[in-house]
Protein chains: 2
Amino acid sequence: MARTQGSHADITGPRIRDAALRLFAKHGYAAVSMRQIAAEVGVQAGALYNYTPDKQALLVSLLQGHMEELLAARPDPSGDPMQRLRAFTDFHIAFHLDRPEAMFISYMELRNLEKPHFDAVERLRRAYEDGLEQILRAGREAGVFALPDTRIAAFALIAMLNGVNTWYRAGGRLSLPQVQDLYWDMVRKAVAA
Amino acid sequence: MARTQGSHADITGPRIRDAALRLFAKHGYAAVSMRQIAAEVGVQAGALYNYTPDKQALLVSLLQGHMEELLAARPDPSGDPMQRLRAFTDFHIAFHLDRPEAMFISYMELRNLEKPHFDAVERLRRAYEDGLEQILRAGREAGVFALPDTRIAAFALIAMLNGVNTWYRAGGRLSLPQVQDLYWDMVRKAVAA
DNA sequence: GTCTATAAATTGATAGAC
DNA sequence: GTCTATCAATTTATAGAC
């Protein structure tokens, strides 16, 4: 029989983060109250403050955690530039389709981060963009890519790949490998020499 | 000498929309109070309700107005598919770089629209995407574009072009025509046969 | 058309019982 | 560790004077 009171430290913490992620993605950070998060978890609002000092820290943890996971999961830089770009494309699509809410709030709620937290997250994003740009530069030097501006190209490719999340629905007419093939076709041609 | 009271119907209306656009873009719809908007305009909160029935109507008006302007400003469908695609690319970049806040809230604040308003704005966006897809289909039928899926390609190209707004700053190292050339280079190659 | 004043509800966060 | 109760501040929106 379910208790209505008692100690649940091990499970409550992650459930609070899950609930906050889901609600922030759906309604936006500013529109979500601590009471809503607590209700989603099944505790009272006061209990949340055993796990987070305040609402802002909850958002910071979600965004920073997402970017650190993204950087840690990147494919190894092995193979020629074409192979590396294909691996990056496949990875980027798969990683973000697997975490639609985290990806969504990582773009949408940046402005709700206080300055030092914003700077920290931006530094991580910058590192990720740099990873792609290095692939593009290596390809240009090898003569397989033709890109007048590798920095802008990196922005453009990431923006294009991010767009998958705006239309893809699991169980739709396209499987993940089909989506990866479709985007790889355009990525490959866009950078081609 | 400036009055602190009195009638200013002609100028107050547009100024409220301007202030709301700026503040919504900066802090997010949910995070902006009617008092903040009023303060930005230089009136008291109560005065806003002479111009909008409520806060939601202000957001609807901004998003719907932006999409209608976008559709109305599209380039004429003249020329061959390659020329039409170039015109679309140049137009899309120029239009959105000219309205960064409106573009921003049109993507970010969709979720804060009540259902019927959301549907109305989505219908307009869909019409815009359809315009690009028709260009892509015409090019594929003419044999100048090679695209396995014109719908996905339209999404991908729009997402790529939208990305300009995340990094472009007026007065930066690149002029508008330079940006248009850089993106056209990638768009052209991405769809090429 | 704008003001002041206020109603009614909701917010983030804290205190103290259990 | 969670609860109930509550504070102090802020919110949208309205009423009525000018």
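Because only heavy atoms are used, hydrogens play no part in the values below, and waters and symmetry mates are left out as well, while side chains stay in. No experiment lies behind these values; they were computed from the predicted model shown. A note on names: the letters A, B, ... follow the listed sequences, proteins ahead of strands, and every chain is numbered from 1.
- Remark: P of D:dT10 and NZ of B:Lys55 are 15 Å apart, rounded to the nearest angstrom.
- As rounded to whole Å, 17 Å separates atom P of D:dT14 from atom CD of B:Gln44.
- Rounded to whole Å, the distance from CG on A:Leu48 to P on C:dT11 is 13 Å.
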Going through the distances and angles, do A:His92 and A:Tyr128 end up as a side-chain contact (heavy atoms from CB on, under 4.5 Å)? CA-CA 10 Å; A:His92 188 95; A:Tyr128 185 70; 2.6 Å; yes

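- Summary of the strand contacts: A:Ala31 and A:Gly46 both lie near DNA chain C, and taking for each the nucleotide with the nearest heavy atom, the more 5' one is attributed to A:Ala31.
- Contact annotation: B:Ser33 side-chain N/O to D:dT11 OP1/OP2 distance is under 4.0 Å.
- Side chain of B:Glu40 to main chain of B:Ala19: no donor-acceptor pair is present (N/O by atom type, distance under 3.5 Å, no hydrogens or angles).
- When the C1' atom of D:dT2 is taken as reference, atom CE of A:Met34 falls 15 Å away, rounded to whole Å.
- If you take OH of B:Tyr49 and P of D:dA13, they are 4 Å apart, rounded to a whole angstrom.
- Between the P atom of C:dT2 and the CD1 atom of B:Ile16 lies a distance of 7 Å, rounded to the nearest Å.
- Of all nucleotides listed (C:dT4, D:dT2, C:dG12), D:dT2 comes nearest to the side chain of A:Ala47.
- A donor atom on one side chain and an acceptor atom on the other are found under 3.5 Å apart for A:Tyr107 and A:Asn162.
- For the OP1/OP2 pair of D:dT2 and a distance below 4.0 Å, the side-chain nitrogens and oxygens of A:Thr12 include at least one atom meeting the criterion.
- Atom CG of B:Leu58 is separated from atom P of D:dA13 by 10 Å (rounded to the nearest Å).
- One finds the NE2 atom of B:His27 at 10.0 Å from the OG atom of B:Ser33 (value rounded to the nearest 0.5 Å).
- Nucleic acid contact for A:Val32: sugar-phosphate only, since backbone atoms but no base atoms lie under 4.0 Å from a heavy atom of the residue.
- Across the protein-nucleic acid pair, A:Asn50 atom CG and C:dG12 atom C1' stand 15 Å apart, rounded to whole Å.
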